[in-house]
Structures are given as structure tokens and as C-alpha cells.
Amino acid sequence: QVQLVESGGGLVQAGGSLRLSCAASGIIFSINAMGWYRQVPGNQRELVETIASDGSTNYADSVKGRFTISRDNARNTVYLQMDILTPEDTAVYYCTCNARKLRISRAYDYWGQGTQVTVSS
């Protein structure tokens, strides 16, 4: 029962910034990676940016240079600093992590409930 709690979504004007946070809780042995996806109604959920425990990142070209992911491994928390937002960034943002609950368990993907980000023109 790994749980992910997101915060920081909201309404912002184009060109503005938001900072999303996501904290994982529950019984967790290790987290391999954490990050963010987003989804617009009718569209496929798409990668925004993820970060592994070793610090390596994976990100979409559409957010390169504008979004920055970071994490606090000790607190099982990941952040997404979003700058120079555009209306095209409007979506529900979902936190995700790939985690192993116990040493003898396999790793699973876990998802938060999502937080709405709306960018006005």
C-alpha cells in the first residue's frame, strides 16, 4: 500500500511557474525511480519527467529547458519545478514511482490520484 500524495497544482497564467511535490509513504524498501506524467482528456498519458535514485533523468522534449525535476531520497519525495508555462501544459499531472515494498518483493509501479494544472492564456 504505497501511497503517493501530490500537491502544488493550480491555476497560473502563461509564462508563470508552479512547483509540484509528491511524497511517497507506506512500507517501502526502496524506490527505483519517481516522476511525473500528465494527461489531457482524450489523450494518452505522457511522460513529463522522471528521476531515478542514481540521479539520472528522463524527460519529454516538450518540457526540456522549462521543467526541472528533483528529489529528496531521504523523504521519498519528488518535485517538479515548472517554469515558462503555456496553455499546452494544461493537464492532470500524475506522480508515479517504481518501488519495492520489501527486500524479497518485486518492484511495482504506483500512481498518485493526480493534480490539476491549468495555464490560462
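When reading the values below, keep in mind they use all heavy atoms of this one structure, side chains included, and skip hydrogens, waters and symmetry mates. Just so we're clear, the structure is a prediction, and the values are computed from it rather than from any experiment.
- Of the possible polar contacts, none joining the Ser17 side chain to the Gln81 backbone as a donor-acceptor pair under 3.5 Å is found.
- In this structure a side-chain-to-backbone donor-acceptor pair under 3.5 Å is missing from Arg19 to Gly8.
- In this structure, OG1 on Thr115 lies 10.5 Å from CD on Gln113, to the nearest 0.5 angstrom.
- Between Arg66 and Asp89 the shortest side-chain heavy-atom distance falls below 4.5 Å.
- Note that the CG atom of Asn98 and the OH atom of Tyr110 stand 9.0 Å from one another [nearest 0.5 Å].
- The hydrophobic cluster containing Ile104 also contains Ile27, counting ILVMFWY residues as joined when their side-chain heavy atoms lie under 4.5 angstrom apart, directly or transitively.
- Closest non-hydrogen pair, Leu20 versus Gly9, comes out as CD2-N, 3.5 Å.
- Looking at heavy atoms from C-beta onward, Arg38 lies in side-chain contact with Ser62 at the 4.5 angstrom threshold.
- Taken together through direct or relayed side-chain contacts under 4.5 Å among Ile, Leu, Val, Met, Phe, Trp and Tyr, Tyr37 and Val119 form parts of separate hydrophobic clusters.
- Contact record, Ile31 with Ala99: CG1-CB, 3.9 Å, taken as the closest heavy-atom pair.
- Between the CD atom of Gln116 and the OG1 atom of Thr90 there is a distance of 7.0 Å, given to the nearest 0.5 Å.
- Rounded to the nearest 0.5 Å, atoms CD1 (Ile28) and CD (Gln3) are 10.0 Å apart.
- Trp111 and Val92 end up in the same hydrophobic cluster when Ile, Leu, Val, Met, Phe, Trp and Tyr side chains are linked at under 4.5 Å.
- Separating the OG1 atom in Thr50 from the CE atom in Met34 is a distance of 11.0 Å, to the nearest 0.5 Å.
- Following chains of ILVMFWY side-chain contacts shorter than 4.5 Å, one cannot reach Ile69 starting from Tyr79, and the two form parts of different hydrophobic clusters.
- Taking both residues in full, the closest heavy atoms of Leu18 and Leu85 are given as N-CD1, 3.8 Å, listed atom of the first, atom of the second, then distance.
- Considering Ile84, Leu80, Val48 as possible partners of Val63, the one that fulfils the side-chain contact (heavy atoms from CB on, under 4.5 Å) test is Val48.
- Neither Phe29 nor Val78 shares a network with the other; the hydrophobic side chains, linked directly or stepwise wherever heavy atoms of I, L, V, M, F, W or Y lie under 4.5 Å apart, form separate groups for each.
- Between the side chain of Arg100 and the backbone N or O of Ser105 there is at least one donor-acceptor pair closer than 3.5 Å.
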Exercise for the section: Could you walk me through whether Cys95 and Cys22 pass disulfide (SG to SG under 2.5 Å), step by step? Expected result: CA-CA 6 Å; Cys95 179; Cys22 174; 1.9 Å; yes
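- Heavy atoms from other residues, nucleotides or ligands lying under 6.0 Å from CD of Glu46 number more than 12.
- You'll find the side chain of Trp36 reaches within 4.5 Å of the side chain of Glu6, heavy atoms only.
- Leu4 approaches Gly112 most closely through the heavy-atom pair CD1-N, 3.7 Å.
- Closest approach of Ile51 and Ser70 over heavy atoms only: CD1-CA, 4.5 Å.
- Summarising the geometry, atom OG belonging to Ser25 is positioned 14.5 Å from atom CZ belonging to Arg75; distances are rounded to the nearest 0.5 Å.
- Residues Val40 and Ala91 come closest through the heavy atom pair CG2-CB, 3.9 Å.
- Aromatic ring orientation, Phe67 versus Tyr93: tilted (interplanar angle from 30° to 60°).
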